[in-house]
Amino acid sequence: INLIFPALEASYNGEVRIDEETLAFGDVTMLSSATKEVTLKNTGNADLEIEEFEFEDDLDADFQVVNPPSFPVLLAPGKSVVLNVSFTPAVAAERNGHLTIETNDIANEFFSVPITGKGIKITQEISFTVDDKTIGDSPFQLAATVASGLPVTYTTTSGNISLNAGTVTLQQPGTAT
């Protein structure tokens, strides 16, 4: 009897996946992205149908497949498809779960790829200077430079100045924060 069946093999960044090996993104700065390739190859002797994939354990907020293929994907024996998986952490936290790939592989219908990544806080250094000001001076604009490139917003807890869209008007003597 000659058995004909599809079989799925996955590799990460060119390395063949060992059972339960994790697709690990490591530390990634919040709001930036890291991308890794997952290659899915049909090592069987019949067509492999990849029906869909999904991120489990609420990972879809931070992980996604960039430009995913249209499903179902049909792979002839020996053929492969590459999924580019990106990790864009929104918070500073460890993220662990699975990318589950549904196929017609009899031995591995739901192929699970363990996936991890850790969001790291952005180092934020803000610099600005204000020359000495006196009540009666014209309103002035605050200008700041930020190492991270993120936008800067200004607020005050002092009643002796007014602050509107970064423009400061002195109202009373004292120190303002």
Side-chain angles (χ1 to χ4, degrees), residues 5-128 142-155 165-166:
F5 61 93
L8 178 65
E9 171 187 276
S11 60
Y12 309 153
N13 293 327
E15 300 292 322
V16 174
R17 178 184 178 270
I18 300 169
D19 193 38
E20 290 304 311
E21 186 174 331
T22 300
L23 180 61
F25 284 85
D27 294 349
V28 177
T29 304
M30 289 171 44
L31 305 177
S32 64
S33 291
T35 302
K36 293 192 177 272
E37 289 183 352
V38 176
T39 302
L40 305 173
K41 182 178 181 180
N42 182 359
T43 60
N45 54 8
D47 287 348
L48 174 70
E49 186 173 300
I50 299 172
E51 296 164 7
E52 67 177 349
F53 65 84
E54 69 178 354
F55 292 99
E56 296 177 348
D57 308 317
D58 298 324
L59 292 181
D60 53 356
D62 294 318
F63 292 93
Q64 69 174 356
V65 174
V66 180
N67 299 320
S70 298
F71 290 101
V73 174
L74 190 64
L75 296 178
K79 297 298 181 183
S80 61
V81 64
V82 174
L83 301 178
N84 290 302
V85 180
S86 71
F87 175 48
T88 308
V91 296
E94 186 80 30
R95 303 290 284 143
N96 300 301
H98 293 86
L99 168 61
T100 300
I101 301 160
E102 185 178 351
T103 74
N104 66 336
D105 180 347
I106 296 169
N108 219 351
E109 182 180 1
F110 294 96
F111 191 83
S112 183
V113 177
I115 189 167
T116 66
K118 184 177 182 182
I120 302 296
K121 287 184 180 181
I122 297 171
T123 301
Q124 182 79 323
E125 187 175 308
I126 302 173
S127 303
F128 67 95
L142 294 175
T145 58
V146 185
S148 68
L150 294 172
V152 176
T153 57
Y154 303 98
T155 60

Verdict with reasoning, Glu54 to Thr100, per side chain to side chain donor-acceptor pair (under 3.5 Å)
CA-CA 5 Å; Glu54 69 178 354; Thr100 300; 5.6 Å; no

Could you walk me through whether Leu48 and Asn104 satisfy the side chain to side chain contact (heavy atoms under 4.5 Å, CB included) test, starting with their C-alpha distance in whole Å, then the side-chain angles of each, then the deciding distance to 0.1 Å, before giving a yes or no?
CA-CA 6 Å; Leu48 174 70; Asn104 66 336; 3.3 Å; yes

Show your working on side chain to side chain contact (heavy atoms under 4.5 Å, CB included) between Thr88 and Leu31 and close with a plain yes or no.
CA-CA 6 Å; Thr88 308; Leu31 305 177; 5.7 Å; no

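- For Asn42 (side chain) and Leu75 (main-chain N/O), a donor-acceptor pair under 3.5 Å exists by modelled atom type.
- At least one side-chain heavy atom of Glu109 sits less than 4.5 Å from a side-chain heavy atom of Glu102.
- Note on ring orientation: taking the six-membered ring where Trp is involved, the planes of Phe87 and Phe63 are parallel (angle under 30°, cut-offs 30° and 60°).
- Side-chain contact between Ile50 and Leu40 is present, with heavy atoms from C-beta onward closer than 4.5 Å.
- Closest non-hydrogen pair, Asp60 versus Phe55, comes out as N-CB, 4.0 Å.
- A distance of 4.5 Å separates NZ in Lys118 from CD1 in Ile120, rounded to the nearest 0.5 Å.
- Between Glu51 and Phe71, the closest side-chain pair of non-hydrogen atoms is not below 4.5 Å.
- The distance from the CD atom of Glu56 to the OG atom of Ser112 is 6.0 Å, given to the nearest 0.5 Å.
- Residues Ser32 and Pro89 share a closest heavy-atom pair of O-CD, 3.5 Å.
- The shortest heavy-atom contact between Ser80 and Thr39 is CB-CG2, 3.8 Å.
- Rounded to the nearest 0.5 angstrom, Thr116 OG1 and His98 NE2 are separated by 10.5 Å.
- Residues Pro68 and Phe53 form a side-chain contact, since some pair of their non-hydrogen atoms from C-beta on lies under 4.5 Å apart.
- In this structure a side-chain-to-backbone donor-acceptor pair under 3.5 Å is missing from Thr22 to Ala24.
- Of the possible donor and acceptor atoms, one in the side chain of Asp62 sits under 3.5 Å from a partner among the backbone N and O of Ala90.
- Between Ile115 atom CD1 and Lys36 atom NZ the span is 10.0 Å, to the nearest 0.5 Å.
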For Val113 and Ile101, what are the C-alpha separation, side-chain angles and deciding distance, and is it a side chain to side chain contact (heavy atoms under 4.5 Å, CB included)?
CA-CA 8 Å; Val113 177; Ile101 301 160; 4.2 Å; yes

Decide yes or no on side chain to side chain contact (heavy atoms under 4.5 Å, CB included) for Leu23 and Leu99, but give the supporting numbers first.
CA-CA 9 Å; Leu23 180 61; Leu99 168 61; 5.5 Å; no

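- The shortest side-chain heavy-atom distance between Phe110 and Thr103 does not fall under the 4.5 Å cut-off.
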